[in-house]
Amino acid sequence: MPPVEVRYLTDPACSWSWGSEPKLRKLLWEYGDGLHFRWVMGGMARQYGSEYRDEEGSIGSGADCFGDLMAHWLDVAEETGMPFDPRIWTQNPISSTYPACMAVKAAGEQGSEAEYRYLRRLREGLMVERRKLDTAEALIAEAGPAGLDVERFRIDVYSEAITEGFAADLDEVRTIPDEAREAGQFKETEGKVRLALPSLVFVAADGERHGVWGWQPYQAYAEAAQAAGAEPVNEEPLAPLDAVSRFGRLATKELEVLGDLPRPPLEAELWRLAAEWKLRPVEALTGTFWEAA
């Protein structure tokens, strides 16, 4: 049986998408090769600045959009449990998300898995490392750490085909299905209506589409995947060392979701592994990552 296509609508700088990484990684683990991801870029901001408005989080309603973005990220951090450092918006703000979106499309020329590795690298850089990832050279510098062929990426990122692919993504994100509209899962950003991000569309073999719109619990992902014909292949929880071996650096919240463990005993186990030099903690402003020691 061919894998179920998953169209994952997102943006490298989308805070709710970053907050959904634990659910995405659980989906990747439980369904394995039964899902094939297509990463659709949302283009949340052509230009941040005094005129920027995003209905989500009332961004642009205050004195400037950057203060609103800081407050919004802190709210999302509290809701999702993922690490954030919103000081990027006062210390090193990006001017647009379009360059990062197009860079992710360029990474996709090396395959879906490479595209996701690169998307994840950008998310960490923006959300917790306060990196100004809005120029070609800054984005090319992230290709190596994401395991890409850097010289190929350097060529692809300037390709007209990438610009055209991103334009098609924008059209998709701005086309609101009736069920998403009825659920109120759409936002107005820079004067244009878009789907709430992240949104996932699971496409069955017969073409039937099963959408999960905006921030939703993991069960909604699993139900849509199975409705489209996917079956779980890994239902056992992942222990911390196994999870880090599979995915690389993980936030505490991701380990909680992948391991199906309550936070207190999980944190005790993580610090025990750190004391044994098996894991290394990496502190962020509002949380902790764990990587192999």
Side-chain angles (χ1 to χ4, degrees), residues 2-14 16-18 24 35-49 51-54 56 94-123 125-126 132-144 146-177 180-181 185-203 207 209 211 213-214:
V4 169
E5 179 181 324
V6 185
R7 304 191 66 78
Y8 195 99
L9 284 63
T10 184
D11 186 291
C14 172
W16 286 111
S17 294
W18 174 241
L24 172 57
L35 300 177
H36 179 72
F37 283 81
R38 302 283 189 181
W39 308 98
V40 181
M41 294 296 102
M44 289 182 64
R46 177 186 289 273
Q47 183 69 50
Y48 286 118
E51 301 301 315
Y52 182 77
R53 299 289 185 273
D54 186 346
E56 189 163 11
I94 58 173
S95 59
S96 170
T97 73
Y98 277 34
C101 286
M102 286 190 281
V104 173
K105 300 302 293 181
E109 295 297 296
Q110 299 183 39
S112 179
E113 291 185 7
E115 190 172 8
Y116 175 60
R117 289 198 310 270
Y118 184 74
L119 174 59
R120 172 71 183 210
R121 175 81 286 278
L122 296 192
R123 289 206 203 285
L126 291 165
K132 188 173 173 61
L133 300 176
D134 59 359
T135 65
E137 286 308 310
L139 291 160
I140 290 168
E142 301 301 318
L148 302 186
D149 179 329
V150 178
E151 291 312 309
R152 179 180 175 185
F153 179 79
R154 186 185 296 274
I155 294 168
D156 289 335
V157 81
Y158 291 109
S159 165
E160 182 64 28
I162 297 305
T163 303
E164 293 173 358
F166 177 46
D169 282 5
L170 289 177
D171 286 343
E172 182 170 349
V173 170
R174 294 170 181 170
T175 301
I176 316 299
R181 191 176 295 278
Q185 292 292 345
F186 60 95
K187 308 292 178 182
E188 183 174 324
T189 302
E190 294 184 304
K192 298 182 183 296
V193 175
R194 62 165 174 83
L195 279 163
L197 301 179
S199 284
L200 286 70
V201 180
F202 296 80
V203 185
R209 299 163 75 90
W213 314 111

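A donor-acceptor pair under 3.5 Å is absent between the side-chain atoms of Ser199 and the main chain of Leu9, judged by distance alone. Of the possible polar contacts, one joining the Thr97 side chain to the Met44 backbone as a donor-acceptor pair under 3.5 Å is found. In this structure, Arg7 contributes its side chain and Trp39 its backbone to no donor-acceptor pair below 3.5 Å. Put simply, the side chain of Arg117 never gets that close to the backbone of Ser112: no donor and acceptor are under 3.5 Å apart. Here the side chain of Glu190 pairs a donor or acceptor atom with the backbone of Gln47 at under 3.5 angstrom. Between the side chain of Gln110 and the backbone N or O of Glu115 there is no donor-acceptor pair closer than 3.5 Å.
At least one side-chain heavy atom of Met41 sits less than 4.5 Å from a side-chain heavy atom of Thr10. Annotation: side chain of Pro12 is in contact with side chain of Leu119 (closest heavy-atom distance under 4.5 Å). Between Val173 and Phe186 the shortest side-chain heavy-atom distance does not fall below 4.5 Å. Proximity of Glu188 to Arg53: side-chain heavy atoms (C-beta onward) are nowhere separated by under 4.5 Å. The shortest side-chain heavy-atom distance between Ile140 and Glu137 falls under the 4.5 Å cut-off. The shortest side-chain heavy-atom distance between Arg38 and Val203 does not fall under the 4.5 Å cut-off. Within the 4.5 Å cutoff, no side-chain heavy atoms of Trp16 are placed close to those of Leu197. Looking at heavy atoms from C-beta onward, Leu195 lies in side-chain contact with Pro177 at the 4.5 angstrom threshold.
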List the steps, then state whether side chain to side chain contact (heavy atoms under 4.5 Å, CB included) holds for Ile94 with Leu126. CA-CA 9 Å; Ile94 58 173; Leu126 291 165; 3.8 Å; yes
Test log, rule side chain to side chain contact (heavy atoms under 4.5 Å, CB included), inputs Cys101 and Asp169: CA-CA 10 Å; Cys101 286; Asp169 282 5; over 6 Å; no
Yes or no on side chain to side chain contact (heavy atoms under 4.5 Å, CB included) for Val104 and Phe166, after CA distance, side-chain angles and deciding distance? CA-CA 9 Å; Val104 173; Phe166 177 46; over 6 Å; no
For the pair Val193 and Ile176, evaluate side chain to side chain contact (heavy atoms under 4.5 Å, CB included) and give the outcome as yes or no after the intermediate values. CA-CA 8 Å; Val193 175; Ile176 316 299; 3.9 Å; yes
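Taken to the nearest 0.5 Å, the CD1 atom of Ile162 stands 9.0 Å off from the CZ atom of Phe153. To the nearest 0.5 Å, the span separating CD on Glu151 from CG on Asp149 amounts to 7.5 Å.
Counted by atom type alone, Ser95 and Asp134 present one or more donor-acceptor pairs between their side chains at under 3.5 Å. Side-chain contact, Thr189 with Arg194: a donor N or O sits under 3.5 Å from an acceptor N or O.
A centroid separation of 6.0 Å or more is found between the aromatic rings of Tyr116 and Tyr8.
Counting heavy atoms of neighbouring residues, nucleotides and ligands inside a 6.0 Å radius, atom NZ of Lys192 does not exceed 12 of them. No more than 12 heavy-atom neighbours from other residues, nucleotides or ligands sit within 6.0 angstrom of CZ on Arg46.
Contact check on Lys187 versus Asp54 returns no salt bridge, with no Lys/Arg side-chain nitrogen under 4.0 Å from an Asp/Glu carboxylate oxygen.
Counting all heavy atoms, side chain and backbone alike, Gly211 lies closest to Trp213 at CA-CZ2, 3.6 Å. Nearest heavy-atom pair, Leu148 versus Ala107, reported as atom, atom and distance to 0.1 Å: CD1-CB, 3.7 Å.
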